[in-house]
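Each chain gets a letter, A, B and so on, in the order the sequences are listed, and its residues count up from 1.
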Amino acid sequence: MTKLAEKSQPIQKMNPEMVGNSIEEANASAPIVELKGREESVADPILEEFDFWFVPAVNPDGYEYSRTTDRLWRKTRSQPTGIFRMCAGVDPNRNYPDHWREVGASMSTCAQTYAGRQPLSEPETRVIADILQKNKARIVMYLTLHSYSQLILTPYGHAKAYPPTYKEMERVGYAGVREIQSIRGTDYKFGPSAIVIYPASGGSDDYAYSLGVRFPFTMELPDKGNHGFLMPPEQILPIGEETFRGLMAMVRAINV
Amino acid sequence: MNGVEFWKWPSAVNSSVDILVAPETQNKLLERLNSMKLPFKILMHDVGSTIRTTSKTPMQPQLESELTQRSLVDNATSNSPANEDCCDHLSDSNYFKSYQSYENIMAKIRRLADKYKTIRVEPYGTSYENRQIYLVKMSTNFQANKPIIFIDAGHHAREVSWPLKCSHLFI
């Protein structure tokens, strides 16, 4: 199979007024080892201020299926039930209970964006939803990592509109964009996902925002399509490093 | 059109899309793009062979066992305390050289949690196929109920490197 791209054009720039007074210089970032959680001392003061929680693999069935069977598999691996369901899997990022299946999500079980038979039909999305719900008062930032395109996205996914607290999200998001750019020139775009890419509802970031999480972001990591989903493993460390430093710049920007 | 799949879906005006196309459909698609005067370039000539190249290492079981042996050797030779202290997170240096199995990723994180009391690994529900999903917590004081930065990766299966990268964030 061959992969084609129409000649690339820059994604529309965000309205410059919205960028306006958001410029805060991000400090030089801490090296990775400082966040390692050393037994004796912890170097990065950011760890004194925040707890860091991770779900390293939300969809382990899909991860293993992609690794061993169908490299381009996207969805979960829940099996068809009932006569109307033909194909396996649900798009977990269309399965959250906020404007579920309204836009950019499919009713067809074989579609890449099948939203599921009901919100939170998948055990995997129930895990994330449960963590978000039970800790919504404490979770100040929610970051969900995807690929590819080099974007830091805010809500809304479900409508082409700026969320009411967009300005503060922008301040924090651009701290990440600038930090990552400064490392080896990787350029990210920033903005609400329905405006920057396309409307799609039922995503986990919109759901987190609906619960009151102040800084909900989706990050589409490198590249911009030369490798796409087939990033060579040599890129794991350099991309991991710059992403980490971008994240830390964003976290530090929360409090400035 | 059959045999065509978007990698990057249509979005804003003037932005590009990425399309995966089957060999038997390729000419038809190229003709159609040409007749519509839509400019395009070919990013990857043979996706199948790219998949085989980029996935080779983790998919070959003999290489995995070789990996394990090598990291055992690494551990055996890096017994001096100075070495252990400075380079512990790099000790199995092959870890990031290929896409690891889910089991390997979680084993690596659990080893860190055993070592550092600032890291806890909690089982948090199971997947459809009964794999354990984990919530990993890092805190300098688990009783303090500090504000949380919550990060997840791997919603979408084929975006494979991201579970690893997410684990890299704190390894």
Determine the minimum heavy-atom distance between [X] and [Y], stating which atoms define it.
X	Y	result
A/Gly225	B/Leu43	O-CD1, 3.2 Å
B/Gly125	A/Val127	CA-CG2, 4.1 Å
B/Tyr102	A/Ala57	CE1-CB, 3.5 Å
A/Pro233	B/Ser98	CB-CA, 3.7 Å
B/Ile149	A/Leu247	CG2-CD1, 4.4 Å

Against chain B, label [X] side chain, backbone, both or neither, depending on which of its atoms sit under 4.5 Å from a heavy atom there.
X	answer
A/Arg94	side chain
A/Ser78	both
A/Val140	both
A/Tyr65	neither
A/Asp130	both
A/Glu49	backbone
A/Thr113	side chain
A/Glu124	both

Exercise. Please round to the nearest 0.5 Å and tell me the distance separating atom CE of A/Met141 and atom CD1 of B/Ile148.
Key: 13.0 Å

Quiz prompt | Cation-pi, B/Tyr128 ring and A/Arg77 (6.0 angstrom, 45 degrees) | solution = no

Quiz item: Any Lys/Arg nitrogen of A/Asp61 or B/Arg131 sitting under 4.0 Å from an Asp/Glu carboxylate oxygen of the other?
Solution: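 B/Arg131 and A/Asp61: salt-bridged.
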
Quiz item: Does CZ in B/Arg32 sit with more than 12 non-hydrogen atoms of other residues, nucleotides or ligands closer than 6.0 Å?
Solution: no

Quiz item: So, A/Arg138 side chain and B/Lys146 main chain: donor-acceptor pair closer than 3.5 Å or not?
Solution: yes

Exercise. Specify which of B/Thr25, B/Leu135, B/Asn141 makes the most heavy-atom pairs with chain A at under 4.5 Å.
Key: B/Leu135

Practice problem: Quick one: which of B/Glu103, B/Glu129, B/Glu24, B/Arg120 has the most heavy-atom pairs under 4.5 Å with chain A, could you say? | Solution: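 The residue among B/Glu103, B/Glu129, B/Glu24, B/Arg120 with the greatest pair count is B/Glu129.
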
Quiz prompt | Distance-only donor-acceptor check, side chains A/Tyr142 and B/Asp152, under 3.5 Å | solution = yes

Self-check item: A/Leu132 side chain near B/Phe150 side chain, heavy-atom distance below 4.5 Å
Solution: yes

Quiz prompt | Interface residue of largest heavy-atom contact number with chain B, from A/Asp70, A/Thr76, A/Asp91, under 4.5 Å | solution = A/Asp91

Exercise. Verify whether the ring centers belonging to B/His155 and A/Tyr96 lie closer than 6.0 Å.
Key: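 Between B/His155 and A/Tyr96, the centre distance is under 6.0 Å.
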
Practice problem: Report the C-alpha distance between B/Tyr99 and A/Met231 in whole Å, list the side-chain angles of each, state the deciding distance to 0.1 Å, and finish with yes or no for side-chain contact (heavy atoms from CB on, under 4.5 Å). | Solution: CA-CA 10 Å; B/Tyr99 294 111; A/Met231 186 59 73; 3.7 Å; yes

